[in-house]
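A quick write-up on the structure given underneath.
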2 protein chains.
Amino acid sequence: MTETAPRPTLEAVAARAGVSRATVSRVVNGGDGVREPLVERVRKAVEELGYVPNQAARSLVTRRHDAIAVVVAEPETRVFADPFFARQLRGISKELTAHDNQLVLLLTEGRDDHARVGRYLAGGHVDGALVFSLHLDDPLPGLIQRAGVPTVFGGRPGWSGDQRGVVYVDSDNRGGARDAVRHLAGLGRTRIAHITGALDQTSAVDRLDGYRDVMVDADPGLIVEGDFTPTGGERAMRELLARCPDLDAVFAANDLTAAGALRVLRASGRRVPDDVAVVGFDDMLPVAEQTDPALTTVRQDIEEMGRLMARLLLRGVDRRTGERVGGAPSSVVLPTTLVRRASA
Amino acid sequence: MTETAPRPTLEAVAARAGVSRATVSRVVNGGDGVREPLVERVRKAVEELGYVPNQAARSLVTRRHDAIAVVVAEPETRVFADPFFARQLRGISKELTAHDNQLVLLLTEGRDDHARVGRYLAGGHVDGALVFSLHLDDPLPGLIQRAGVPTVFGGRPGWSGDQRGVVYVDSDNRGGARDAVRHLAGLGRTRIAHITGALDQTSAVDRLDGYRDVMVDADPGLIVEGDFTPTGGERAMRELLARCPDLDAVFAANDLTAAGALRVLRASGRRVPDDVAVVGFDDMLPVAEQTDPALTTVRQDIEEMGRLMARLLLRGVDRRTGERVGGAPSSVVLPTTLVRRASA
DNA sequence: AGGGGAGGTGAGAGCGCTCTCGGATGACCG
DNA sequence: CGGTCATCCGAGAGCGCTCTCACCTCCCCT
């Protein structure tokens, strides 16, 4: 265990197989242009010696790292506490693994970390970056653009700078919100309230816009700002009940918010969905199914978002190294679906 | 953006500063043994050129990567869906960042992935590994030991192989469980049931052992196997109520399980804590506080566990490269604390 | 004033790999 | 049967860095 066996090099394999380094290299990298018997011999030598290429040496000459950074800006604990991000990460991991890429995770908190991440990305340690930019005033997109690293954002970055070349993957937050509100309207509800998410995030803004699309001349009193947390949902719901006791439906910006709202509604004696219908967003599974009553919500395929981000990025990275591709990748907005459960 | 500026090399910095490569290297790596005026000149040149060392070239000669792999075996979605892991990851990230190490995340699903991870670790791409080995029959510890990579496990690995040199960080699951059950007993409860976790994980086994420590001659009917999920908790609770309608307390193996149990208890007309007192484990925050009533539970400092794992590993890694250290690192078991809320 | 030593600095040899380029080999055609 | 060309393989030059070792300076002691 403490004994570090000297790892075999290309040279050693070449000697054993009785060929040159170049030939071994060719075989290891796909084996094109090497005749079958030689390929066999080299493969055998690799096997016997347990040869594994030295990635550092390889990167040194190829300038590729087969590694992608995943940057998660995490100013608040909340973000990380919900499973949303974990699911996305899983999708990303799957896709990267399938293409033999490593995932380098960079978690940031605060300004100093931003600088550090910027330096790291500019340092050319990775071939590209997947960035979850969560807040409107986040300096990260700017830093990254300057670093010149191919990047795909998770969620539309709320960034006022140069938009050219910005690629992102997002859910159709606005469309999903419209569906939710229309569903409530279709149930005959007319006093439909909205508890927003944290409005410094584009997803919250987009969902609010979707609500407004349907409720064109809604009572402004029916809109209360939340923050994507259950506690925020509770507070907002209390405020709503005080302001508009006659409301008959609530569209919450996410499931956690809805869960909080549900508790307050129950405590206030309202029956859900009979008195007040509630719709959430995300279909965050441990939560949405476990509320009482089970939550009607807007589902987004989170894992697929992650996978797509990775795919888009890898395409961009390939383009960079000069391989043929069909044009620059562009942003993708994934559809959402309404999941009907008991709450609306 | 598409234009990849050629990054300056050590050579370039040396030329600009009018010194040799060796001197620049010395300055970049701490500057020991270089006279002040020269240090200044080199620093200036580095600054002006925006020089960033090429990690690949450096690793090639030093055989260090300043990178640590975090391996998460994830046979079931559940593991990833709960925030437990995310918190630990955060602790790890902080500690690694503080020591200028990168975090390479390896997510595995299924046997093929295990082989892949084994190969990766054996390939010497990272200086060490942090492994979350979740199941008793997991082949990963064996693979890793064979790969000869310094490793620290998250949670006691339930592994029957050679235990020498196995280092892990765990919570005092057994002690925490004892505290929980004693607390219930202290409340005057006598028919205390236990819903276990998934018993192929050591944490579940240890918590069960802790329960048994206190309930030395408990009715075996009071113990039902769960699986750490809310649904499992519901099922188990129903079974318990059918078998032992006279139970007056439940110790659930984790908070999610407790949440499920709580729902079933309420549905069955039992009042909590009046009729049945409930204690969970983890103090998983969005969950434990939001249950009705708020959950009394056993808190473990998850983030600290992560930080500690990283610290232990880095110490082991240093030892490897020949730096002085105070002996081989050994496993650590962190204490837990009982958090009293409304449910017991 | 001369010698020894300590401390700074530079030259150069790799680390393990890829990739270009020239040479060898054999197939195929006239 | 000689020439042409495509195909396959090996020699060798780096990629950007670290680190050893020799040299050079300058200081201090006798």
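- Residue pairs meeting the ring-ring contact (aromatic ring centres under 6.0 Å, His included) criterion with at least one member in residues 96-122 of chain A, sequence neighbours excluded: A:Y120-A:H125.
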Quick one, give me the B/S/- string for nucleotides 8-18 of chain D, reading 5' to 3', where B means a protein heavy atom under 4.0 Å from the base and S means that only happens at the primed atoms, P, OP1 or OP2.
-> SBBBBB-BBBB

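- Under the rule for a salt bridge (charged side-chain N to carboxylate O under 4.0 Å, His left out), A:R26 has no partner lying at least two apart in sequence or in another chain.
- Residues satisfying the side-chain contact (heavy atoms from CB on, under 4.5 Å) test with A:V61, not counting sequence neighbours, are none.
- In terms of the ring pair (Phe, Tyr, Trp, His ring centres under 6.0 Å) criterion, residue partners of A:F132 (sequence neighbours excluded) are, by chain and number, A:F85.
- Scored by the ring pair (Phe, Tyr, Trp, His ring centres under 6.0 Å) test, B:H65 finds no partners at all (sequence neighbours excluded).
- Take A:E48 and apply the side-chain hydrogen bond (donor to acceptor under 3.5 Å, both in side chains) test, not counting sequence neighbours, and it matches A:R16, A:K44.
- Helix bend of the helix from C:dA1-D:dT30 to C:dG30-D:dC1: the angle between its two end axes, each built from five pairs, comes to 40° after rounding to 10°.
- Partners of A:Y51 under the ring pair (Phe, Tyr, Trp, His ring centres under 6.0 Å) rule, at least two apart in sequence or in another chain, do not exist in this structure.
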